[in-house]
Each structure stands twice: as structure tokens, then as C-alpha cells.
There are 4 protein chains.
Amino acid sequence: MTTPEFTRHPNPAGIKRIAVLTSGGDAPGMNAAIRAVVRTGAQQGIEVVGVRRGFSGLHRGELQVLGPRDVANIIQRGGTILLTARSRTWRSPEGRAKGAEVLREWGIDGLIVIGGDGSFHGAYYLQEEHGIPVIGIPGTIDNDLYGTDHTIGYFTAVETALEAVDKLRDTGASHERIFVIEVMGRHAGHIALDVAVAGGAEEVFIPEDPKPVESVVKIVKESVTKGKMGSIIIVAEGHPGGAQAVADALAEGTGLETRVSILGHIQRGGSPVSSDRVLASRLGEAAVFALMEGEKGVMVGRTGGGITYTPLHETWEKRKDVSRDLYRCALSLSV
Amino acid sequence: MTTPEFTRHPNPAGIKRIAVLTSGGDAPGMNAAIRAVVRTGAQQGIEVVGVRRGFSGLHRGELQVLGPRDVANIIQRGGTILLTARSRTWRSPEGRAKGAEVLREWGIDGLIVIGGDGSFHGAYYLQEEHGIPVIGIPGTIDNDLYGTDHTIGYFTAVETALEAVDKLRDTGASHERIFVIEVMGRHAGHIALDVAVAGGAEEVFIPEDPKPVESVVKIVKESVTKGKMGSIIIVAEGHPGGAQAVADALAEGTGLETRVSILGHIQRGGSPVSSDRVLASRLGEAAVFALMEGEKGVMVGRTGGGITYTPLHETWEKRKDVSRDLYRCALSLSV
Amino acid sequence: MTTPEFTRHPNPAGIKRIAVLTSGGDAPGMNAAIRAVVRTGAQQGIEVVGVRRGFSGLHRGELQVLGPRDVANIIQRGGTILLTARSRTWRSPEGRAKGAEVLREWGIDGLIVIGGDGSFHGAYYLQEEHGIPVIGIPGTIDNDLYGTDHTIGYFTAVETALEAVDKLRDTGASHERIFVIEVMGRHAGHIALDVAVAGGAEEVFIPEDPKPVESVVKIVKESVTKGKMGSIIIVAEGHPGGAQAVADALAEGTGLETRVSILGHIQRGGSPVSSDRVLASRLGEAAVFALMEGEKGVMVGRTGGGITYTPLHETWEKRKDVSRDLYRCALSLSV
Amino acid sequence: MTTPEFTRHPNPAGIKRIAVLTSGGDAPGMNAAIRAVVRTGAQQGIEVVGVRRGFSGLHRGELQVLGPRDVANIIQRGGTILLTARSRTWRSPEGRAKGAEVLREWGIDGLIVIGGDGSFHGAYYLQEEHGIPVIGIPGTIDNDLYGTDHTIGYFTAVETALEAVDKLRDTGASHERIFVIEVMGRHAGHIALDVAVAGGAEEVFIPEDPKPVESVVKIVKESVTKGKMGSIIIVAEGHPGGAQAVADALAEGTGLETRVSILGHIQRGGSPVSSDRVLASRLGEAAVFALMEGEKGVMVGRTGGGITYTPLHETWEKRKDVSRDLYRCALSLSV
């Protein structure tokens, strides 16, 4: 192998100045993505402007030019240095018109939006209504976007939840107690499944397969018979009733000591793990390249080892299913 | 300095066989304490018997001899290999009589109890009623025992809570949100104060100083005026109404976006930090020495750099106050 | 989606009893793989026998039956409960004949070997010479096996190295020093590349592209000109001269304060991260299924989202290249 | 308990403007100390000026006023935002005269120096020669300053080293290998002792008690006889020959597989643990109060639960011994 030389990426679109923002719920690795956008821009002779507070800051004109040093030492930080917000104004055509005006004033040739499907909706309408090329970068801990194997922040969220599960198992095993643990995932069970397998859980409840919470009673009773010390049950927040419903069923059905733990927002924070930083670095670069190539209205993703472009509307219209194999594996290994 | 030679500790009490148990809520470092008891016993020619499931297992006769290899590779593990439980039977004189009988059958010269004040009560009555020498080792994350600067598990609990606070601040700052975080501490604000200072919180609520939750409104409003991005409020679970009451007051008084996070049982688990392992190692050794010296009915503690013995009943009758200086410091540095 | 029901996997090979061992350098996640093998066996009505100390223990007859409870609470542990060793005896036909005899005595229908290419060689010859079906599970932190996107232990090793890099950057930036950090990888630069991208390194040296260490001087000089505070250089141990050669070149060429840090064996230890636990769980199950299907002499791997079988000899004959794209990305984002 | 009200600390010295710098090797928690100095100043109506790059930056005039927002969100960060350096110029009277001139130009009434004994020497001479009141805050991972139970950064360094030891034990136990681990401590064995006890080491070598490295051979041989899997030996870098000498003796005396791991600079970095943040917060506040009270030429420390002032020259002239009790405990519990 030889050392890669620096090469100028083809720029048929003649991009000179782009903007980048983070929007919706924050996710660990967003800073790594911002850094990659800014530095790829610098490498390619493109000026990058950062927008603060997402779409909300866009129509208020909170923009500033970002150079390579402005993104130094942020790759390891949780949150987003550009801040994020949910904007009501943006939902109106007038709000978006104002945002488009700001972008034109700043001479922006394309906008990169780091966020989830809500943010991509906002970006999509901006492009549809005002012709400004937008590129989406999937940044959400939920991993629920079609068009990429993983979203930025997902790996860190799983790891954070898993660390909590490991701690709860310590105390659960010592007390021979059952812990019902609620992880994030309003519409998708990705986090729950990975955490269930990696955490050695007895049972897992995901939104994709709503099932009677009473089913847990039989499983836990068998587990006690087998001599297991303490049990871990994982519940995605989007399963009907959440962790509390499962715990209530358990309490009634077994009489065993049960504790509920709702992990909540800690899953959003923390220094991103390596997989999220690497993914964010690759996708940040890919987003700039996509604009240069003249792409618009697509999300850059990583599927099966390569960069892919998916029309923004497909990212929410199509569905990325959880792995049925992993679901089976989760249930099977708790024997 | 010269290398310490091994010496036999004076054994005027003629101790030959002792038992050790963990009781009440588990705490990180209990395993390190068990290990120290077993190995000090082995060094001093004293046989150590482990009791499983605390007092509950004692009156059921769940005992087994432990050698140095049985406690290998456990110093870093959370929870307790001896398991723990809360025993109703033990609260009756009959239950304790049964336990005393088991100890006599096993030829036990003294019992070491690792736990909090509830466990010490149980130990105290056993000694009072049946003359079996007992020694307490302070093992509880709450740090609320008189007679020792710190209890085993406290340092780890603070660290775990602090890591959660750091993560919540990442996401809180990105959204410019307020997080109200509830940490453990039903009767004592030790954890809350340390976490508040170390986590850079705006305000802290502790059981020792119940105050109107509305007081937080003014502080947060000022904080917004100062341009702070996101705020952290720490509430000990024992403050009236807990975190939810504070969050409700904030929502009503400021209209700002507020999130509640109840850290819960994760604070009990996890590999113990070094301070807890070192403290547990010292106190485990000290407990065996105390029995050999003929001590009974005392808790071994560490106060101002030395080992101290405190009568068991004083550990719950007297009060270890939180540091007023630290409380002041917490409030002062959030300027 | 519906809940997966338990189904018996087809067993045309009529497997009734299998053995499992770990061999070569240990890797985080090996315990999760052992657990998956044992529990899948239990689910499928197949008895699983654990071999201690790899091939070395095999020819000495260190075997024992493992049930589901024997692998409880190990999914989160580093190292391997079956121990591992490098065996000289195994390299001789006589050694392997002795091992085969032991397997026959125990009535073993197939052997699962968790390890790297050295271990797969040992397994391959056992099958060639004695007809015992073997299945390999890729367990090595180096990620250098053809036939799987990732090997068990790789993700944890990268994460551990990255945590060290983050710490070194703290102190490097404060002192405006250069850190040259050596990570594992005698023949492959996988760890080095991921760590370089995720750690925001200035430059990276990998065995696949030996280059003059003096090249680093220009890069660091430019970096100083750009006003960067502290620099991180990543060197895989297999690059000629390792980290020391790079540091020497830097010291001579720049006169700047340079520090070398060789991360070493800490990269092998620690609780496995979720990705390694999930991969190990999937591959452990897949290995048992492979034997049942009558497969032999293959490694189970995961490629592009599915389970694949690769002939053992291909795993070391063919080469899994590092990603040239990632290499470019590493160099490009350090602008 | 009542809520502490804000009170103005007595200011008989009439302090209006102070400077703060970090010097020598960086230590985790220095940022928390800077934050406490700045915010206590703000609370007390005193302006705080930050000096970049220690004494080196002082005589070059690298000063800037710091307000409460300038130190927001730094309490959890490793390193020092003020940067640090070792200054040759400062060792000359001319260099210090230049520094004194800068301080007078800026109207500084007192200087707070965060560092170790080298830094305190520099501060001491500045005060002696130019009459500028100086206060030292103990910030060094080595914990080798007389006048305080612990120094800022010590707890984090021990924790970082311990995490590495835990990882090495995973792999050491799996291979039944011996690991000889070198931790920081050129002149003091504090880190080594705490890590040895908390890490369950077989043996520990500290600078305070140089002993024949061959002594380790007997201990390891006994340990093998006892059936221990893998051994951990801790060596402070200041013990003659360091870890390598011990490993060489072991290799020669036992023929067992031995690995050396030198932890190095990772012990300086990382987010400070709670104990360091709390200590830094308390001492930062105490340093400002000391200047206000008219103190000069002292280090603020924390001894036995209270704030103490120790003349700077005593901090290096007097010796803080390692705990002989802990040394004994380390050796005793490895039975």
C-alpha cells in the first residue's frame, strides 16, 4: 500500500461556501461530524459557516465562519458545540423563507444538516421550497433512519446503557433481585436489542413487537428455578407501558422483589466511543464531497462498508427493521 | 524506611474461628472487605467462615469455610460474593436465637458484619442477647455512619453519580436545558454535596436543610441572565418531594425546558474505585485485629488517618453531619 | 414483527457432544463467545465440554462439562475463564495425536476453537490429520483475519487505546508537547488507523505502508505553524522501529519536546464493549450451528451483516486489507 | 442546618486584583482549581488575571482577565486551560525580576501558583526578592508535598493506574503470566502503594525502601505454589532499575513468562475524579481567602478535614512519608 496523496475532490457543482448545523436531539459524535465538515471544507478550498441552535438559529441569523482551529480538540466531546434546538417557527413556510434568505445573504451554496428524521424534514422542505441544496448526516442515538447501517451516537448510547446494566447486575445479583431497565427507543428497539444481548438479559421488550407484559412472569419463574441470581429485563421506552408495566406484571405474577430503572438522558451524553467518532468523520467528509458532486436532498450513510446516498424522504418513509436474528439470539442465549 | 516484616498480631482473646457476612444494601468494596477479612485471618492462623445472604442465611445455616484462594480476583468486583438480604426473621428474638445457635455449632468466636446501621442493629442485639462478640465494618454508599470519615462504597457511588452528571451536562448544554438530578441519600446529603461541588451544579437540595423548592427559580433565572448554557440542579432523594418537586417548581416559575433524571440503583453497582478498595482492605484487616484484641460491639472506622473503634450504638445514635463548609462552597462556586 | 419461537436447528451431522477452547493471545469477548457456545449447545440438546489452557490443556486432558450456569455472569468479563496458552507440543504430530485421542475418549463430535491465525493452524492440522471437525471463531484484538469484518476483541482494544490517547492529549495539549503513541498491530494497521481517526492524530504509521519516519518532521512543523497545541502521532508496533524511531526522528528534526507512550498489553484486557459482546454472542451461536449442519474446517465470521463460513486456510492465506479510504481520511482530517 | 448565606470574607489585606498560574507537570483537577480561584474572586469582588504557560508566560506578559464564564464547563476537563511549561529563564534573578515587573504593571496584589515543589520554589523566590505575596496550591499527581493529606491530581492518577492494572490482570490471569507494572513516583511511593493495595498486587517496590529486586523471586514462586493464576507486581519508577530490573530478576530467577508495562503519562491525563475536583474547589477558594487575610508565602492544604497553611519552604524541606501501615497491609493481603 502507498501513502494516500492529497487530491482535490471533483467539484462540478462549483461549491465555494457551505453551512452546517445540528438539529433535534443531540447525539455523541455530532462534534466529530462538525469537525470533519469544517476540515474537509478547508482541505478542499471551501469556506464553512456554522449555524448555532439549528433551524431556530438559522432564521435568526446566528452564523459564523469556522476554520480548522475552531474545531480543534472537540472530536472527543459529547453534545454539540453548535448547540441544538427544536424550532416551531421552522414548521411554517414563513420561517423557512426567512432561513433561506439568511443563507442567500451569506452566499451559502449548500447546507449540511446533522440530525434525525425531524431535522431531515426541515431540510427537505427548505430545499423543495427554496432550491437550496441540502445534505443530511444521520445523527441520532436511536439508529432508526433508513439508508445507513448505523447513525452517529448509536454506539455510544448502547455503551452507556450497557455500563448501567452491568452496574445494576452487580447489585441485582447480590440481592437476587429482578431489575427492569428502560432504555431509549420510542419507535425502534435497536438499542434495546443490542443491550439485551450484550447485557445478558432474560427478556427484552421492543416497540416493533408489542407483547403481553405478563409473558415475563413465566420466564422469570423459570429463571429462578434454574438457580439464576438476579435477572435483567430490558424494555425499550416505546413498548406499551414501558418498564413500569413490565415491573407491575412481575410484582403481581411472581411476588419477587423487583426494581425499575429508567436510564433516560444519560444515554445522550458522554464522550463518543471510537465507532461513533470514525463514522462521524467519514460521513462529515462524505457530506462535503456530496455537495461538491452536485448531490442534493440526500442523506449520506454507510451501508455494508461503503458510502451511500439515500433521498431524504426515503430515510423516514422506508423502515430500517431491527435484526430478527439478533432478537432470536437475545431470547435464545438467556437459557 | 524498612520493609515491614510479617508479625503475629496479639491475640489475647484467643480467637480461632470467625464468621463474616454482608447485610443490607450492597455497596461497592464489600468484596474487598471480605477478601481482607479472609486473608488477614489466614495470615494470623484464624479460620474464616463466610455466611451467605446476611442474617437471613445465618439462621438458615448457609455457612462455608473460605480460604485465601476463594477470595482471589474479587477485589475489583462490585456487589458481594456472599450475597445480601434483608431479614424479617432476624428482627425477632427467636430468629436471632436460631442464628446464635448456628454460630455456636460452627464454633465461631466472633462475627464480622459488613453493612449499614440496620445491619449493625442486628449485630448489636445478637451480641447483647447471646454474648457473641461482633465487629461492624461500615459498608454503605450513604456515608451516614458516625465513627468513620467515610463508609465503604461511598466514593464509588459519588463517582458513578458524577459520571452521569457529566453526561447530562453534555446534552443539557447543547440544548440549553435544565437538568434536575436526583442522587441517593434518604437521610443524608453527603453524596449530593460532593456531586454538586464536583459536578459544578447551580444548586443543591439536601435532607439536612429542607428548603422551599421555589428558591431554585431565582437562581436559575439569574443563571440564564449570566448567559449560562444549561444548568444542573442536584437533589438528594431525601429532600421533600425529591427531584420532581424541584422540577415542577422550575417549570412553573421559569417556563424553561426542564428534565428530571433519577439516577437510582446504578449508584450501588460497579467496580469499586481505589479509595473504596483501600478503605475496605484496611478496615477488613482492622476488624480481625479488633476481635483478636478482645474488642466487641464496636465498629471499626477510619477517622483523620487512623483506625478507630466506635460502640455500635453510637454509630446510629450520634450524627455525622455533612460539611457546612462544603455546602457553602457548593453554593458559592456556582456564581 | 412477531416474537421468535424457539426452534431446533437442523442437525444432519448428528452432533451430540462438542468441545470448546480458547487459544493464543486472549481477547475481550472470548468469555461471551464461550457463553454463547455453551448456551446454544444447551438449547439444542448438545453437551458442551470446556478445555482449559488451549491445545496445551487438550493433550493433557484438562476437560470438564459446562452447563448454562457455569457461564453465568461472565459475558462482561475480560480474559477467558478457560485460560489460554501457547503450546509447543501441539506443533508436533505426536502432540496433536495425543489431543485427538483425548477428544475421542471424551466422545467429542466437533471442536470449536476461539483464537487467531496461529490457533486456526493448530485446529486445521488436527482436522486434517485426525478427521475431527473443527470450527474457528475469530478472537483476536488485531482484526487481521480474512473472512470477517471484525474479530472479537478488536472494538474493545480500539476503545482502550483511544481512552489512553484522550488522556495523553489532555496532558500533551497543556504542555504543548508531541506524543508518539504505539498501539498494538504487528502485521496490521487496523487498530492504528481507527485510533488515529478517532483520536484526531496528526499522522499515523502502519505496517502495510512502511514510510520514512522523517516524514513526520514536516507534518509536525506545519502543525506548529498552524498554532496547534500538542500533537498526537499514532504508530502501529509493526511499523519499522515502532514509536521510538518516530520520536527520535522528531527530536532530531524539530527539537520539540517529544514523549513516547507504548500502550502495550492493557489493550488486551478490560470488560468487552457492546460490539464485541454482540459479535461474540452471534458467532458463538453460529459455530454450534455450523457443526450441526456438518460444516468443518471453516471459520464463522460476520461480513456485511450476515454470517459467513470461510475455509480456515483462507483466513491466513488471504489478506484483509486496511481501508485505504480510512487511511486517507486519517491524514486528511488532521489539517 | 440552615442554608449558608453569602458572606464577604474579611479582606484586611485589601486585595483587589490577583493572578493565577499553573506550573510544572500538569495534574487532573488543575482546571477545577483555576475555576474556584476565578469564581471565588468574582464572589468577593476581586479581579482575577490568568497567566498562560506558567512562569514562562509570566515574564513574557501572557496575561488576561478571567471572568466566571471563562471558566464555565472546565471543572471536568483534564490538563490546564492556562497551559503549563517549565521555565529556564525563571531560574535566574533577571527572569524573576522581569516577571515581577509584569505583575506590577498589571497591578497584581497577590499571585496564586498551582503546582508542585519546583513551582513553589519559583514562587518563593519571587516573593523573597520582590515582595509579591504568593500562595501555593498543591497540584501534582505525586502527592509528595508536606502540608496536605493529598495533592490535586493524585486521586485521578491512582484511579487511572488502577484501571490499567485491572485490565492487565484480566489478560495476565488468562495466560497465567506475571505482569510487572511501573507507575509514576520518582521520589515517592504513594501512587505505588495505593495501587498495590487496590490492585491486589503480590509485591510492591517503592523509592522509600529500596530493596533487592531478587526478593520478588521467592514471593512469586510461593504464589505459584499456592495456585495463583497470574501475578501483579507494582514498581514505582523511582525504585532503582524500575520495572525492568524487577522483571529481569524474575525471568532469571523463575523462568516464568513475565511482561513489563510502563504506564507513563496516561496517569497525568483524563477527567478528574470527584475527590480531586472537590479538593481543588476547596483549595482554590482557600487560596483566595488566604491572600485576603494577608497570608503570604504559604501553601494551602487540607489536613485531617480542615484547611491548613504551611510555609512554602516547609513543603519541600519536610517530608510526607508514605503510610507504613498501608505498606504492611499491601504485603500482608497478598497472602
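Residue numbers begin at 1 in each chain, while the letters A, B, ... track the order of the sequences. Since this is a predicted model, take the numbers as computed values, not measurements.
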Pairwise side-chain contact, D/Asp170 with C/Arg268, heavy-atom cut-off 4.5 Å (strictly under): no
For [X], is it the side chain, the backbone, both or neither that has a heavy atom under 4.5 Å from a heavy atom of chain D?
X        : value
C/Glu176 : side chain
C/Arg53  : side chain
C/Asp166 : neither
C/Ala164 : both
C/Arg77  : neither

In Å, rounded to the nearest 0.5 Å, how long is the span from [atom1] of [X] to [atom2] of [Y]?
X        : Y        : atom1 : atom2 : result
D/Ile266 : C/Ile181 : CD1   : CD1   : 10.0 Å
D/Asn31  : C/Ser174 : CG    : OG    : 7.0 Å
D/Gln267 : C/Lys167 : CD    : NZ    : 10.5 Å

Neighbours of chain D found in residues 270-277 of chain C - heavy atoms under 4.5 Å: C/Gly270, C/Ser271
Top of C/Asp26, C/Leu83, C/Thr22 for chain D proximity - count of heavy-atom pairs under 4.5 angstrom: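 Among C/Asp26, C/Leu83, C/Thr22, the one with the most close pairs to chain D is C/Asp26.
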Main-chain N/O of D/Ser261 paired with C/His265 side-chain donor or acceptor, under 3.5 Å: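 Not a single qualifying donor-acceptor pair exists.
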For chain C, the option from D/Thr160, D/Val165, D/Val260, D/Ile81 that forms the most heavy-atom pairs under 4.5 Å: D/Thr160
